[in-house]
S.K.: 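First, the structure itself, so that you have it in front of you.
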Amino acid sequence: MKPQAAQVPATQTILMVDDTPANLGMLAQVLEAHGYGVVVAQDGTEAIERAGFVQPDLILLDVMMPGLDGFATCRRLKHLERTRDIPIIFMTALGDGGDKLTGFEAGGVDYVTKPFQVDELLARVNTHLTLRAAQQQLERQNAQMQQEIALRQQAETRLRHAHDELERHSHKLERSNTELEQLAYVASHDLQEPLRMISSYLQLLEKRYKDQLGADAREFIDFAVDGAHRMQDLINDLLSYSRIGTRSKPFQPVDCNRLAATVLATLRLSIEEARASLVVDPLPTVSGDPSQLAQLLQNLLANALKFRGEAPPSIRLYAETDGDAWRFTISDNGIGIESDYFVRIFAMFQRLHSRTAYPGTGVGLAICKKIVERHGGRIWVDSTPGAGSSFHFTLPSLQGVAA
Ligand code: ADP
């Protein structure tokens, strides 16, 4: 809030209280001539009534009055909520120090002595009006400040509540995610055994009764075995996916050069079969779970080999610094991806091709995303259909990474 200079309102009203009408008339003229509004009262009771009603900016109060004298009137005015803040200047003919003291004790702010020195009277009136205006302004500013503080406190309380609510929701979400992961894990784990039974008995059936079965029946058995294998692949992928959260190891320094070498060794046959050229630039050491990071690289490199175009695959793996993190890129010259699918392909079971064109379950990139996010990074793709894709992911650099 900006501090403002105290302003004296354009017209200020002064209540004059005197039992001598001649005094009132003379004084009223002087004050009105100087731009003040004047209200008069001729005794204490009338003064209290008018003051409450008119709310003057200042009261000039005669001390010696019949009935309620000036001091008693002042005390009552100071007692009343509506009038207690109005400055009161006593008018007295006595130069008595004792009386002045009584006046100050009653709540008066000043004295003027009759007969009046007009200049002195005006100077005192002006001083107290300015003081009162300044005081009122301070009170207004103070009230405004209190209001702002109250508003801020309200906003803070609302924010705290919203934050608590958000935290509750996120805990709930975390719990149901964990439950879901456990369910997926248990379900896929328990599905493995009956599935193995189905495919092995189907194979047994085929082996034992091959000669007695017709061509149709053999074909049906092949379809069934194929289905069982696919289901096995799906279950394995689902298990890998649900293991990322539940079976993770604490982070440790991981030399990505060694990691890439291991992954390339695993993919050696596919690389040879595709006659792919693979360039791996020098890579950094990062903090992470080595087996998950190996799985990440393997999924991305396997996709780069799988989604190849006519030309033999040309794949490059490199890393660059990106703020506090490392940005890894695996670029290929494969079939590419339409930009509409750049986000969707990282969700579970999202595939852009038929199984006959490119085999797969559509879980690989979902696994990659989960691994990267668990490591505090993000993953995305850039691609030009027909020209190739670049998969990027970030991993925090080694310094300052909590396991
Ligand atoms: P999958 O490989 O089992 O189909 P992913 O989750 O690994 O499943 O990939 C999802 C989809 O994203 C793929 O089916 C494919 O359409 C697309 N995709 C992934 N990697 C590439 C790539 N390097 N080039 C072109 N398309 C890709």
Side-chain angles (χ1 to χ4, degrees), residues 181 184 188 191 195 226-245 260 263-264 266-281 291-319 327-375 377-394:
E181 260 167 27
S188 27
L191 278 173
L195 190 63
D226 183 46
H229 282 154
R230 267 194 293 123
M231 200 185 277
Q232 184 69 56
D233 290 345
L234 261 173
I235 286 173
N236 286 341
D237 281 353
L238 268 177
L239 273 173
S240 318
Y241 184 83
S242 52
R243 273 188 192 124
I244 297 165
V263 173
L264 291 191
T266 316
L267 294 173
R268 195 173 54 86
L269 276 179
S270 318
I271 295 170
E272 281 172 8
E273 183 230 326
R275 288 180 292 113
S277 84
L278 241 143
V279 175
V280 180
D281 288 4
S291 45
Q292 290 188 352
L293 293 180
Q295 191 175 8
L296 168 68
L297 282 187
Q298 183 166 329
N299 286 4
L300 293 175
L301 288 169
N303 277 353
L305 290 165
K306 179 163 68 172
F307 296 102
R308 59 178 177 261
E310 297 292 313
S314 169
I315 301 166
R316 184 176 159 212
L317 163 61
Y318 57 95
R327 186 176 67 236
F328 289 74
T329 301
I330 291 173
S331 67
D332 65 48
N333 60 339
I335 58 172
I337 302 161
E338 296 278 358
S339 59
D340 285 356
Y341 304 110
F342 281 1
V343 174
R344 208 193 296 173
I345 51 169
F346 293 98
M348 285 284 258
F349 307 123
Q350 294 294 327
R351 314 201 63 238
L352 307 180
H353 311 277
S354 70
R355 257 184 315 105
T356 37
Y358 298 95
T361 57
V363 181
L365 288 180
I367 289 179
C368 293
K369 184 167 189 281
K370 200 165 176 192
I371 291 175
V372 170
E373 284 174 357
R374 191 192 154 229
H375 283 75
R378 58 191 196 95
I379 185 166
W380 70 103
V381 67
D382 281 333
S383 180
T384 309
S389 309
S390 289
F391 281 82
H392 311 278
F393 61 87
T394 58

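Order of appearance sets the numbers: ligands from 1, and atoms from 1 within every ligand.
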S.K.: Do any pairs count as a salt bridge (charged side-chain N to carboxylate O under 4.0 Å, His left out) and have a residue in residues 329-340, sequence neighbours left out, and if so which ones?
M.R.: none
S.K.: Looking only at side chains, do Ser383 and Ser389 share a donor and an acceptor under 3.5 Å apart?
M.R.: yes
S.K.: Can you pull the residues with any heavy atom under 4.0 Å from ligand 1?
M.R.: Asn303, Ala304, Lys306, Phe307, Asp332, Ile335, Gly336, Ile337, Ile345, Gln350, Arg351, Leu352, His353, Gly360, Thr361, Gly362, Val363, Gly364, Leu365, Ser389, Phe391
S.K.: Could you work out, with side chain to side chain contact (heavy atoms under 4.5 Å, CB included) as the rule, every residue matching Ala319, not counting sequence neighbours?
M.R.: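 Leu283, Pro284, Trp326, Phe328.
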S.K.: How about Phe393 and Leu293: do any of their side-chain heavy atoms sit closer than 4.5 Å?
M.R.: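 Of all side-chain heavy-atom pairs linking Leu293 with Phe393, none is under 4.5 Å.
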S.K.: Among pairs that include at least one residue of residues 297-309, which meet salt bridge (charged side-chain N to carboxylate O under 4.0 Å, His left out), considering only residues two or more places apart or in two chains?
M.R.: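 Listed by first then second residue: Glu273-Arg308.
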S.K.: Using atom types as modelled and distance alone, determine if a side-chain donor or acceptor of Thr394 lies under 3.5 Å from a backbone N or O of Arg378.
M.R.: yes
